[in-house]
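Only a predicted model underlies this, so the values are computations on that prediction, with no experimental measurement involved. Order of the sequence lines sets the chain letters (A, B, ...), proteins ahead of strands, with each chain counted from 1. Scope of the values below: all heavy atoms of this structure, side chains included, with no hydrogens, waters or symmetry mates.
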There are 2 protein chains.
Amino acid sequence: MAAVDRLHQTSSHLTGSALSRSSSGTALKLSVHPFKVTVIGSGNWGTTIAKVIAENTCLNPQLFVKDVQMWVFEEKVDGKKLTEIINTKHENVKYLPGITLPGNLVANPDLIDSVRGADIIVFNIPHQFLPRIVKQLKGHVQPSVRAISCLKGFEVGPNGVQLLSAYITQELGMECGALSGANLAPEVAKENWSETTVAYQLPSDFRGEGKDVDHKLLKALFHRPYFHVNVIEDVAGVSIAGALKNVVALGCGFVEGLGWGNNAAAAIQRVGLGEIIKFGQVFFPESKVETYYKESAGVADLITTCSGGRNVRVGKYMATSGKNALDSEKELLNGQSAQGIITCKEVHEWLSSCKKTNEFPLFEAVYQIVYNGVPMVRLPDMIEELGCIAEEK
Amino acid sequence: MAAVDRLHQTSSHLTGSALSRSSSGTALKLSVHPFKVTVIGSGNWGTTIAKVIAENTCLNPQLFVKDVQMWVFEEKVDGKKLTEIINTKHENVKYLPGITLPGNLVANPDLIDSVRGADIIVFNIPHQFLPRIVKQLKGHVQPSVRAISCLKGFEVGPNGVQLLSAYITQELGMECGALSGANLAPEVAKENWSETTVAYQLPSDFRGEGKDVDHKLLKALFHRPYFHVNVIEDVAGVSIAGALKNVVALGCGFVEGLGWGNNAAAAIQRVGLGEIIKFGQVFFPESKVETYYKESAGVADLITTCSGGRNVRVGKYMATSGKNALDSEKELLNGQSAQGIITCKEVHEWLSSCKKTNEFPLFEAVYQIVYNGVPMVRLPDMIEELGCIAEEK
């Protein structure tokens, strides 16, 4: 039965009839029906977010269907199917080894089956796979479904830079928010304390509290004692910060690999934060400056990504080994991707087409180092020189 | 001859007569007389800043008197006077070992003698020594002198929190700016690339370009190829960020010592940046929010201090050894101080007197951990709880 039908069937009994208390302590109206949640993606971050969600759906049966579907790109590990290993051993031995997953997290190799009846879809895949996934999903999701994107990056086309959340909305017709924060996946998986930001704007066809996804429901879905959630409206700000931080992290990796120390790494992050804010102001004027410096998705995510994420490791390895970006990625990341390598190219192409590369000297310098072999010792000078050209214009 | 007299004597010959180019590439009018510079303080940061200045005075004889006086609190090292070692070996073997100092940097054990004829005094001592130094200087500085404070901290009295730059102006009658940035001293001393912020407001008795300290002159004094300077007007913002970051760094040290990883450290920095901005807005409304998130003195200094400064080391050691703050400081810092230990107490006392401790939950939590033995594992809960109390008010 489609959720819309169930909704009509049950709403007369339940609407506004009771209050429950979510794990975050926020008073929440009972859902008219429990929301069914699917996570698309099972890398280390996808699996971690699925774990967080499954813990919450288990604790809040009045709000959520207990079982959480996680779509897994099927592959064999030691001759066994990864989905079967996850569903029997309750561990993603390939991408999140050592972490026990909740029993109500169900790995599903069939994308279409995994989203059947879903009320909330959480996208958590490398962004280069998104177009293919979206194409497969078309016509297979119910019209009432809402989405949250945990992806990092942009869709860059001839008409400009598009947020992945907006791309999902455009292609699939579902309202889509974003989740991003200072969240190195292995640490969240181990339940070390961290914070995150969820951004979601109530759509014009919002069906009302208890009947639709809203800020309180999203807090109940993602907040854990070890994973503190702040829900805001600025989807653009959260998405931009989440995408561009990876470019900054490559730059941080370079100066770290060169042995230049903490001051230099902090300088790269300062310049990077400034360019992220500027990018938002120029191309997404609806985004709020505050999001970048006040939210976990902004400055905190930048800091944690620059201290220990994949991109900083790749940048550092490039500096110490002399190898190029793609080889470094291959050797270090066990098949996962360093998004900054793709994002800096997309950003460069877009800025070139607007003749604005000089106004974003760090982003441009990282691109030139990654793709054109410019020596990374030139980074400080390039930041200074390009910045000066931009100011003189 | 006092500088004022020299100024009158020479100004008719030189004013506006020529342009020179400073090391930073900024066009600068020739000074009517070269400015004489004294640095008060010779810890690792004092000595490093004195080195930076002495390099620039040597390169810009048209702007500055070549020799830079550095006041050194005299002590014996292996039976020899520290000032004599510095002046013969050109190395501060006690506080900045391994770094060769310029020959025109002159260590002077006599405070009054060191400031004789000085046009610019740079204060760079631990802030608890400032009242004593100021008392000794009274009546011994020429009226035209200007100052830059590199000190971190506040003067807290019954009437509120006072910036150290304002305290210097009040006690000695000299206009005083501030220098602060992402500047771990040993890295700047080694000439690794970094950035800094100098803040200075032209005083009402400003004597004109070439005759007085202004933004261009300060850039010429501090900017080096490895030490990029931005000069702004917001003395309050620069000073507040420089003082409060040390409290945040103690908190970062705690979560690092507890093994909670990068996400937790980033969360502490995010909350800390927010409280720094709020502190500025509440108590120094003239400070600019932009300074905190755009300048090296703001977010970048916070990041570098939280990644490798004294305070983070002390906080971490407290967590891993179980020892208290003062013992940890003594064991780790070779006689230098972790300013955060003093600053968190001053901030707590001031916030208590305004009944505002709940509005700054991180600052309060750090104080309670350092001075009242509250277990540091309670840090995330205290941030959440105190923040909620403040919001409900």
### Query
About how many Å separate CD1 of A:I303 and CG of B:N263, when rounded to the nearest 0.5 Å?
11.5 Å

### B:Y293 OH to A:K294 NZ distance, which is reported to the nearest 0.5 Å
10.5 Å

### Query
Do you know which of A:S194, A:S296, A:A266 has the most heavy-atom pairs under 4.5 Å to chain B?
A:A266

#### Entry: Heavy-atom proximity to chain B below 4.5 Å, by part of A:L379
neither

### Query
Which atoms of A:V188 come close to chain B, meaning under 4.5 Å heavy atom to heavy atom: side chain ones, backbone ones, both, or neither?
both

### Query
Does a side chain donor of either A:N262 or B:T304 reach within less than 3.5 Å of an acceptor in the other side chain?
no

### Query
Mind checking whether A:V271 and B:E195 have side chains closer than 4.5 Å, heavy atoms only?
yes

#### Entry: Minimal non-hydrogen separation, A:A300 against B:R270, with atom names
CB-CB, 3.7 Å

### Message
Please classify the contact between A:A264 and chain B as side chain, backbone, both or neither, with a heavy-atom cut-off of under 4.5 Å.
### Response
both

### Atom pair CH2 (B:W193) and CD1 (A:I268), whose distance is rounded to the nearest 0.5 Å
4.0 Å

### Message
Looking only at heavy atoms and a cut-off of under 4.5 Å, which of B:L184, B:T196, B:L302 has the most pairs with chain A?
### Response
B:L184

